[in-house]
*Asks:* 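The structure follows.
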Amino acid sequence: KNEVEQSPQNLTAQEGEFITINCSYSVGISALHWLQQHPGGGIVSLFMLSSGKKKHGRLIATINIQEKHSSLHITASHPRDSAVYICAGPLYNTDKLIFGTGTRLQVFP
Amino acid sequence: KAGVTQTPRYLIKTRGQQVTLSCSPISGHRSVSWYQQTPGQGLQFLFEYFSETQRNKGNFPGRFSGRQFSNSRSEMNVSTLELGDSALYLCASSLVGASTEAFFGQGTRLTVV
């Protein structure tokens, strides 16, 4: 069992739909990163959060440290949102990031 | 400001050779981490350097090594390359470590033939 689990693994949506990607972890993590990876490999950091909720444009990330769960929401999805979304967190007292397996999102026009 | 720069972007090497990859972090960032990404294993942590010291290490054989220079630039080296080392190698820089926002480079795609 992975220490960081994401669901779903694959997600298909129509443009304009509301998207939710979930991340659950079984180890102690001091903060959680949400990353976006487009074809070609480049990774962009979307959020880093250790409590509550953050919003950037159409993206919203929430985290519940006690429940060891985080969600990434995309409102009014667009084809350019098509990418792999990865959650990751550093183990407590280390700077070693452990990663979820990623969620592949495809948004069709 | 300039982002994280990795060189080279693509590399083809033969089994048994060695390779050195370079990562220039964002100015002011003191932590540089390296990751390997393969289709089968996903993203895996290799090591993290902070102020020229290796602070954290993942579960990779000793053929994988790295270093960080006084200007925070980092290199990683893989010796005696194996076919299974074919992967995308990513580095990320952050101010002080993984509890701060990480900025990733575009990666170096290594193919071992």
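FYI, side chains are in, hydrogens and waters are out, and symmetry mates aren't considered; it's all heavy atoms of this structure. Every chain is numbered from 1, with letters handed out A, B, ... down the list of sequences.
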*Asks:* Who among A/Gly100, A/Ser50, A/Gly42 has the most heavy-atom pairs with chain B under 4.5 Å?
*Replies:* A/Gly42

*Asks:* Could you tell me which portion of A/Leu35 (side chain, backbone, both or neither) has an atom closer than 4.5 angstrom to a non-hydrogen atom of chain B?
*Replies:* side chain

*Asks:* Would you call B/Phe103 and A/Val44 a side-chain contact if the rule is heavy atoms closer than 4.5 Å?
*Replies:*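 No, side chains not in contact.
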
*Asks:* Taking side chain as everything from C-beta outward and backbone as N, CA, C, O, which of these in B/Gln37 sits under 4.5 Å from a heavy atom of chain A? Side chain, backbone, both or neither.
*Replies:* side chain

*Asks:* Above 12 or not: heavy atoms from other molecules or residues under 6.0 Å from CG of B/Asn59?
*Replies:*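 No - once you tally the heavy atoms of other residues, nucleotides and ligands closer than 6.0 Å, there are 12 at most.
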
*Asks:* Which region of B/Tyr35, side chain (C-beta onward) or backbone (N, CA, C, O), has a non-hydrogen atom less than 4.5 Å from a non-hydrogen atom of chain A, or is it both or neither?
*Replies:*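 Contact with chain A involves the side chain of B/Tyr35 alone.
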
*Asks:* Applying a heavy-atom distance below 4.5 Å, give me the residues of residues 88-97 of chain B that approach chain A, sorted by number.
*Replies:* B/Leu88, B/Leu90, B/Val96, B/Gly97

*Asks:* Check whether more than 12 heavy atoms from other residues, nucleotides or ligands sit under 6.0 Å from atom NZ of B/Lys57, and answer yes or no.
*Replies:*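 It does: B/Lys57 NZ has more than 12 such atoms within range.
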
*Asks:* According to a hydrophobic-cluster definition based on side-chain heavy atoms being under 4.5 Å apart (Ile, Leu, Val, Met, Phe, Trp, Tyr only), do A/Ile60 and A/Val107 belong together?
*Replies:*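 No; A/Val107 is not reachable from A/Ile60 via cluster members.
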
*Asks:* Give me the atom names and distance for the closest heavy-atom approach of B/Phe45 to A/Leu97.
*Replies:* CB-O, 3.6 Å

*Asks:* Please find the pair of heavy atoms, one from A/Met48 and one from B/Glu101, that lie closest to each other, and give the distance.
*Replies:*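 Closest pair (atom of A/Met48, atom of B/Glu101, distance): SD-N, 3.6 Å.
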
*Asks:* Is there side-chain contact between A/Ile43 and B/Leu43, with at least one heavy-atom pair below 4.5 Å?
*Replies:*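 A side-chain contact exists here, since the closest heavy-atom pair is under 4.5 Å.
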
*Asks:* What parts of residues 61-76 of chain B touch chain A if we use heavy atoms and a cut-off under 4.5 Å?
*Replies:* none

*Asks:* Is atom CD of A/Gln9 surrounded by more than 12 heavy atoms (other residues, nucleotides or ligands) closer than 6.0 Å?
*Replies:* no

*Asks:* Using the rule that two of Ile, Leu, Val, Met, Phe, Trp, Tyr join whenever any of their side-chain heavy atoms come within less than 4.5 Å, decide whether A/Leu46 and A/Leu49 are in one cluster.
*Replies:* yes

*Asks:* Considering all heavy atoms of both residues, which atom of A/Ser45 and which atom of B/Ala102 are nearest to each other, and what is their separation?
*Replies:* CB-O, 3.1 Å

*Asks:* Rounded to the nearest 0.5 Å, what separation is found between the CD atom of B/Gln106 and the NE2 atom of A/His38?
*Replies:*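 These two atoms lie 10.5 Å from each other.
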
*Asks:* To the nearest 0.5 Å, what is the distance between NE2 (A/His33) and OG1 (B/Thr100)?
*Replies:* 7.0 Å

*Asks:* Is there a path from B/Leu46 to B/Leu11 through hydrophobic residues (I, L, V, M, F, W, Y) whose side chains come within less than 4.5 Å of each other?
*Replies:*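 Cluster IDs for B/Leu46 and B/Leu11 match.
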
*Asks:* May I ask you to check whether over 12 heavy atoms, not counting those of B/Arg15, lie within 6.0 Å of atom CZ?
*Replies:*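 Count not over threshold, so no.
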
*Asks:* Do A/Phe47 and A/Ile19 belong together in a cluster built from hydrophobic side chains that touch within less than 4.5 Å?
*Replies:* yes

*Asks:* Atom CD of A/Gln37 and atom CZ of B/Phe104: how far apart are they, to the nearest 0.5 Å?
*Replies:* 9.0 Å

*Asks:* Same cluster for A/Val84 and A/Ile74 if Ile/Leu/Val/Met/Phe/Trp/Tyr side chains link at under 4.5 Å?
*Replies:* no

*Asks:* So what's closer than 4.5 Å to chain B heavy atoms on A/Leu32: side chain, backbone, both or neither?
*Replies:*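 For A/Leu32, neither part sits under 4.5 Å from chain B.
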
